[in-house]
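Presented below is the structure to which this report refers.
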Amino acid sequence: NEYKSYLSNMVHDALKKYDLFSTSEAAKHYSLFTPKLAPQVIEHVLKRTSLRSILVDAGCGSGSSTRPFSPHFKSVVGVDYSEAQLRLASQITQESNVTFCGQPLDVLPFEDNTVSCVLGVMLIQFLDVPAFYKEVDRILAPGGCLVLHGKGSPQISNQLVNERLTYIKTKLFKDLFHDRTMINATKYNTIPHLYESSASREDFTFTKRAKIKDVAEFILSWSAALKYCQRENITYSELYDKLVGMLSGSDHVANHVTEEEDFDMVYEGFVLSWVKQ
C-alpha cells in the first residue's frame, strides 16, 4: 500500500503539467464559457448502459459534465487533479448525489466491478491510455460502460469572424496550446479500443447562436488564453477587450462586424463507448 501510494504521488506530480486551468480565474472562465455538454452525449450514455449505480466523470474539471447526470444515477463522482477546478466544482454544485475528489486518473478510488459508467470529456489525449484503460476495466461492473467524448473547434457562419478566430488560434496563440491537444482533431480515430467487440461510435453536430462577445468569452475558456495572459503579463479583462477588437475588426471600417450581429457557431462532436461484458 505504501508503494502504491508512492507511485500515485509520483503520477500526481507528473500530471501537474496537464493541469491546464491551474488558477482560480482560469477555472472560473472555463466553467463559465466552455460549451455545455451536448444532449447527444447524455443520450449516448443512457443508451449504452442500463446500470444506474455510480457514474465516474474522469477529468471532471468544474463539474459541467458531471452535474447533468445527477438525475440518472444513484451517485455521480467527479475526479480530477486540478485543485482550482475541484474547489470551484464543490462551490457551485448543489445536487446532493454529486461529489468530487482529487485523484490521479490511473488510480481511481473505487472497488472492483462497482462502477456503472466512466465518462471522459476532452480527456483521453492527456492520459497514459493503457494505464487508464486498465483501471477502468478494474472498476467497471459487467454491463458498465466507458464513454469518451470530444469535439472539434467551432465553425462560424460569419466568414470574417471565422477567419479572425482562425488567426487567433494559429497566430496570436501560436505555440500556446498543449502538445497533445491536436489528437482531438483526429476525432479520436487513433484511440485504441478498450473492448473490441462492444465498440460504438456516434458523430453529431450542434449549433448555437452567438455574438462577438460570446466568441471572445469562449476563447477565454481555452488553456492557451491563460498562457497568453501570463506571457504578456495582462489580465483576462484586457485580453477580452483585445479579442473583441480583433474579432469585430474594429480597425477595418469596411469589414467591421458589429457586436450586435449574431451568427451560428457549429461544433462537430463525437462519442466513443465500450461495454464491459
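Everything numeric in this text was worked out from a predicted model, so none of it was measured. Hydrogens, waters and symmetry mates are skipped; everything else that's a heavy atom, side chains included, is used.
- Using modelled atom types, one finds no donor on one side chain facing an acceptor on the other under 3.5 Å when comparing Asp264 with Thr207.
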In sequence, state the C-alpha distance, the side-chain angles, and the governing distance for Lys47 and Glu202, and then conclude on salt bridge (Lys or Arg N to Asp or Glu O under 4.0 Å). CA-CA 12 Å; Lys47 179 174 61 177; Glu202 183 178 350; 3.7 Å; yes

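- The distance from the CG atom of Leu172 to the CG atom of Leu239 is 7.5 Å, given to the nearest 0.5 Å.
- Across all their heavy atoms, Cys117 and Val45 have their closest contact at SG-CG1, 3.9 Å.
- In this structure, the separation between CE on Met265 and OG on Ser157 is 10.0 Å, given to the nearest 0.5 Å.
- Taking the six-membered ring for Trp and thresholds of 30 and 60 degrees, Phe206 and Tyr267 have nearly parallel ring planes, at less than 30 degrees apart.
- Remark: Glu111 CD to Ile54 CD1 distance equals 9.5 Å, nearest 0.5 Å.
- The pair Asp112-Arg138 counts as a salt bridge, with a side-chain nitrogen and a carboxylate oxygen less than 4.0 angstrom apart.
- Checking side-chain atoms of Thr49 against main-chain N and O of Gly143 turns up a donor-acceptor pair under 3.5 Å.
- Residues His256 and Ser248 meet the side-chain proximity criterion, which asks for heavy atoms closer than 4.5 Å.
- His44 places none of its side-chain heavy atoms less than 4.5 Å from the side chain of Val41.
- Atom SG of residue Cys145 and atom OH of residue Tyr195 lie 9.5 Å apart, to the nearest 0.5 angstrom.
- Residue Lys151 forms a side chain to side chain contact (heavy atoms under 4.5 Å, CB included) with just one option from Glu268, Met122, Lys187, and that option is Met122.
- For the pair Glu261/Ile212, no side-chain contact is recorded, criterion being any heavy-atom separation below 4.5 Å from C-beta on.
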Test side chain to side chain contact (heavy atoms under 4.5 Å, CB included) on Ile168 and Phe173 and set out the steps. CA-CA 6 Å; Ile168 291 167; Phe173 287 174; 4.1 Å; yes

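- Using a distance-only test at 3.5 Å, with no hydrogens or angles considered, a donor-acceptor pair links the side chain of His149 to the main chain of Phe270.
- By the 4.5 Å heavy-atom criterion applied to side chains, Arg164 and Val215 are not counted as neighbours.
- Between the NZ atom in Lys208 and the CZ atom in Phe263 there is a gap of 10.0 Å [rounded to 0.5 Å].
- The NZ atom of Lys169 sits 5.5 Å away from atom CH2 of Trp222, with the distance rounded to the nearest 0.5 Å.
- The shortest distance between side-chain heavy atoms of Phe110 and Val118 does not fall below 4.5 Å.
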For Leu108 and Val79, run side chain to side chain contact (heavy atoms under 4.5 Å, CB included): C-alpha distance rounded to whole Å, both residues' side-chain angles, the deciding distance at 0.1 Å, then the answer. CA-CA 8 Å; Leu108 293 168; Val79 183; 4.1 Å; yes

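- The two residues Pro192 and Tyr133 make their nearest non-hydrogen contact at O-OH, 2.8 Å.
- Residues Leu247 and Lys213 have side chains not in contact (no heavy-atom distance under 4.5 Å, counting atoms from C-beta outward).
- Between Thr170 and Phe177, every side-chain heavy-atom pair lies at or beyond the 4.5 Å cut-off.
- The nearest pair of heavy atoms linking Ser70 to Asn97 is OG-OD1, 2.6 Å.
- Residues Arg48 and Val271 fail the side-chain proximity criterion, which asks for heavy atoms closer than 4.5 Å.
- For the pair Asp80 (side chain) and Gly61 (backbone), a donor-acceptor distance under 3.5 Å is present.
- Arg67 and Ala89 get closest at one heavy-atom pair: NH1-O, 4.2 Å.
- For the residue pair Lys276 and Leu140, the shortest heavy atom distance occurs at NZ-O, 2.8 Å.
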Could you go through the side chain to side chain contact (heavy atoms under 4.5 Å, CB included) check for Glu238 and Asp241 one step at a time? CA-CA 5 Å; Glu238 290 170 323; Asp241 291 340; 5.7 Å; no

Evaluate the criterion side chain to side chain contact (heavy atoms under 4.5 Å, CB included) for residue pair Ile234 and Tyr228; output intermediate values, then yes/no. CA-CA 8 Å; Ile234 62 173; Tyr228 184 85; 3.8 Å; yes

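- Scanning both residues, Ile42 and His72, for their nearest heavy atoms gives CG2-NE2, 4.1 Å.
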